[in-house]
*Asks:* 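First the structure, then my questions, so here it is.
Note on naming: letters A, B, ... go to the chains in the order of the sequence lines (proteins, then strands), and numbering restarts at 1 for each one.
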Number of protein chains: 2
Amino acid sequence: MTEKLYTIGELAKELDITSRSIRFYEESGLLNPTRNGQNRVYKKKDKVRLKLVLRGKRLGFSLAETKTLFDLYDSHQNSEAQLETMLQMTEQKRAVMTQQLEDIQALMMELDEVEARCKDELTTIKRGKIA
Amino acid sequence: MTEKLYTIGELAKELDITSRSIRFYEESGLLNPTRNGQNRVYKKKDKVRLKLVLRGKRLGFSLAETKTLFDLYDSHQNSEAQLETMLQMTEQKRAVMTQQLEDIQALMMELDEVEARCKDELTTIKRGKIA
DNA sequence: CTTATCCTTTACGTTAACGTAAAGTGAGAT
DNA sequence: ATCTCACTTTACGTTAACGTAAAGGATAAG
């Protein structure tokens with residue numbers, strides 16, 4: 001069973017980003033694809049990493065933050081200091097996400113209201129047109 | 001009952017941002033405080049707006065997007081086109097937030113795992129120290 | 001053989017969201 | 001009176017995350 005490989009273009013298309021972005025993430029130390037000659041070759045593992053980067057972005061992580069997490073995760077040294085740094089970061093992120101959850105819920109409710117009003121208004125307008 | 005008023009510094013301190021940011025938001029058309037001479041005077045309504053801007057930021061809204069929403073909300077013209085634009089935007093944002101919710105849940109679970117491992121490792125290390 | 005389509009590197013350009021410094025105004029305390 | 005402090009405007013600087021153009025190499029199709 002041979003592993004599935006990707007070119008940069010394929011990955012870009014599939015994840016709906018540009019090749020430039022992928023190269024930039026590599027420049028930033030977030031990816032390390034192998035090479036076939038001068039061309040980059042991405043494996044499943046690389047794709048997973050890339051997806052993690054994108055998820056991080058959606059959640060408001062900077063590339064630098066994501067890199068720190070990757071580095072911590074990669075270095076399997078697990079020194080006491082490292083672990084505590086890790087726990088500290090997770091704690092912090094948890095707080096941010098909790099806040100985000102609150103924000104999302106609040107905004108969702110407001111969107112519901114706005115939507116209801118809009119639809120109300122629209123039907124009123126249309127009734128006017130009929131009459 | 002006289003309404004409570006704020007200076008820019010008070011607002012900045014309370015919301016933990018800089019005065020510069022608040023001025024920048026005004027420059028961007030998001031705020032319109034009254035003046036006492038040359039000094040800005042903020043009322044409750046302005047504070048609410050500012051809070052909305054900050055919540056928007058936490059959710060990944062650009063200032064431009066927030067402004068568009070404010071403008072749509074402010075202009076009470078409620079033309080059919082306007083309303084449909086509004087509905088379209090809310091729909092779009094709802095999608096983004098749904099994605100964010102998924103992302104948060106996924107990450108939360110991973111954080112749980114990481115935390116568990118870290119704590120495990122730490123107690124192991126400490127047991128080693130005792131022995 | 002050339003045309004097209006990927007890929008590559010190098011390097012300068014761009015945008016958002018402020019930071020920061022300079023220079024000045026107005027009110028209150030000493 | 002002058003000092004201090006919070007406010008003001010103007011304007012240039014900064015950072016992240018790419019965009020984009022230039023110039024070229026490799027491979028498959030016509």
*Asks:* Can you sort out which residues in residues 36-56 of chain A have a heavy atom within less than 4.0 Å of DNA chain D? Ascending by number, please.
*Replies:*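 Result for residues 36-56 of chain A: none.
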*Asks:* If hydrophobic clusters are built from ILVMFWY residues whose side chains come within less than 4.5 Å, do A/Leu54 and B/Leu111 share one?
*Replies:*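 No; B/Leu111 is not reachable from A/Leu54 via cluster members.
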*Asks:* How far apart are the C-alpha atoms of B/Leu52 and B/Thr66, what are their side-chain angles, what is the distance that settles it, and do they pass the side-chain contact (heavy atoms from CB on, under 4.5 Å) test?
*Replies:* CA-CA 8 Å; B/Leu52 283 176; B/Thr66 300; 5.9 Å; no
*Asks:* Going 5' to 3' on DNA chain C, which nucleotide is the first and which the last to come under 4.0 Å of a heavy atom in chain B?
*Replies:*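 Footprint of chain B along DNA chain C, 5' to 3': C/dA17 to C/dT25.
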*Asks:* Strictly below 4.0 Å: does B/Arg35 bring a side-chain N or O up to OP1 or OP2 of D/dT9?
*Replies:*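 For D/dT9, OP1/OP2 do have a side-chain N/O of B/Arg35 under 4.0 Å.
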*Asks:* If we check side-chain contact (heavy atoms from CB on, under 4.5 Å) with B/Leu31, which of these qualifies: B/Phe70, B/Tyr25, B/Phe24?
*Replies:*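 Testing each of B/Phe70, B/Tyr25, B/Phe24 against B/Leu31, the sole residue satisfying side-chain contact (heavy atoms from CB on, under 4.5 Å) is B/Tyr25.
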*Asks:* If you measure from the Lys or Arg side-chain nitrogens to the Asp or Glu carboxylate oxygens, is any gap between A/Arg55 and B/Glu110 under 4.0 Å?
*Replies:*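 Yes, A/Arg55 and B/Glu110 are salt-bridged.
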*Asks:* Counting only heavy atoms and a strict 4.0 angstrom limit, can you tell me which residues of residues 3-11 of chain A come near DNA chain D?
*Replies:*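 By residue number: none to list.
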*Asks:* With the threshold set at under 4.0 Å for non-hydrogen atoms, list the residues of residues 57-69 of chain B touching DNA chain D in residue-number order.
*Replies:*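 Correct list: empty, so none.
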*Asks:* I want to check a possible cation-pi pair here: A/Lys93 against A/Phe61, using under 6.0 Å from ring centre and within 45° of the ring axis as the test.
*Replies:*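 Verdict for A/Phe61: a cation-pi partner in A/Lys93.
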*Asks:* Looking at B/Pro33, is its backbone amide N or carbonyl O close enough to the side chain of B/Glu26 to form a donor-acceptor pair, meaning the two atoms are under 3.5 Å apart?
*Replies:*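 Pair absent, no side-chain N/O of B/Glu26 close to backbone of B/Pro33.
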*Asks:* Going by atom type alone, with no hydrogens or angles, which donor-acceptor pairs under 3.5 Å involve a side-chain atom of residues 95-102 of chain A and a protein atom two or more places apart or on another chain?
*Replies:*
| from | atom 1 | to | atom 2 | distance (Å) |
| --- | --- | --- | --- | --- |
| A/Thr98 | OG1 | A/Arg94 | O | 2.7 |
| A/Gln100 | NE2 | B/Arg58 | O | 3.3 |

*Asks:* Looking at every heavy atom in both B/Ala12 and B/Ser19, which two are closest together, and how far apart are they?
*Replies:*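 Smallest interatomic distance, heavy atoms only, reads CB-N, 3.9 Å.
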*Asks:* What closest approach, in Å, do A/Tyr42 and A/Thr7 show between heavy atoms, and which atom pair accounts for it?
*Replies:*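 Reported closest heavy-atom pair: CD1-C, 4.0 Å.
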*Asks:* side-chain contact (heavy atoms from CB on, under 4.5 Å) between A/Leu122 and B/Leu87: does it pass, once the steps are laid out?
*Replies:* CA-CA 11 Å; A/Leu122 276 176; B/Leu87 277 177; 3.9 Å; yes
*Asks:* Is it the case that one hydrophobic cluster holds both B/Ile17 and B/Leu59, taking links as side-chain heavy atoms less than 4.5 Å apart, direct or via other members?
*Replies:*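 They do not share one cluster, since no chain of ILVMFWY contacts under 4.5 Å joins B/Ile17 to B/Leu59.
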*Asks:* Check the pair B/Glu115 / B/Lys119 against salt bridge (Lys or Arg N to Asp or Glu O under 4.0 Å), numbers first and verdict last.
*Replies:* CA-CA 6 Å; B/Glu115 253 190 54; B/Lys119 286 180 178 168; 3.4 Å; yes
*Asks:* Between B/Arg35 and B/Val41, what is the shortest heavy-atom contact and its length?
*Replies:*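 Nearest heavy atoms, B/Arg35 then B/Val41: C-CG2, 4.1 Å.
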*Asks:* Shortest non-hydrogen contact from A/Lys45 to A/Glu3?
*Replies:*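 Taking A/Lys45 first and A/Glu3 second, the nearest heavy atoms are N-OE2, 4.4 Å.
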*Asks:* With side chains defined as the heavy atoms from C-beta onward, is the minimum distance between A/Gln88 and A/Gln92 less than 4.5 Å?
*Replies:*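 When only atoms from C-beta onward are counted, A/Gln92 and A/Gln88 do not touch, as no gap falls below 4.5 Å.
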*Asks:* Identify, residue by residue, the members of residues 12-23 of chain A with a heavy atom below 4.0 Å from DNA chain D, and return them in order of residue number, or none.
*Replies:*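 Those residues whose heavy atoms fall under 4.0 Å from DNA chain D, taken from residues 12-23 of chain A in numerical order, are A/Thr18, A/Arg20, A/Ser21.
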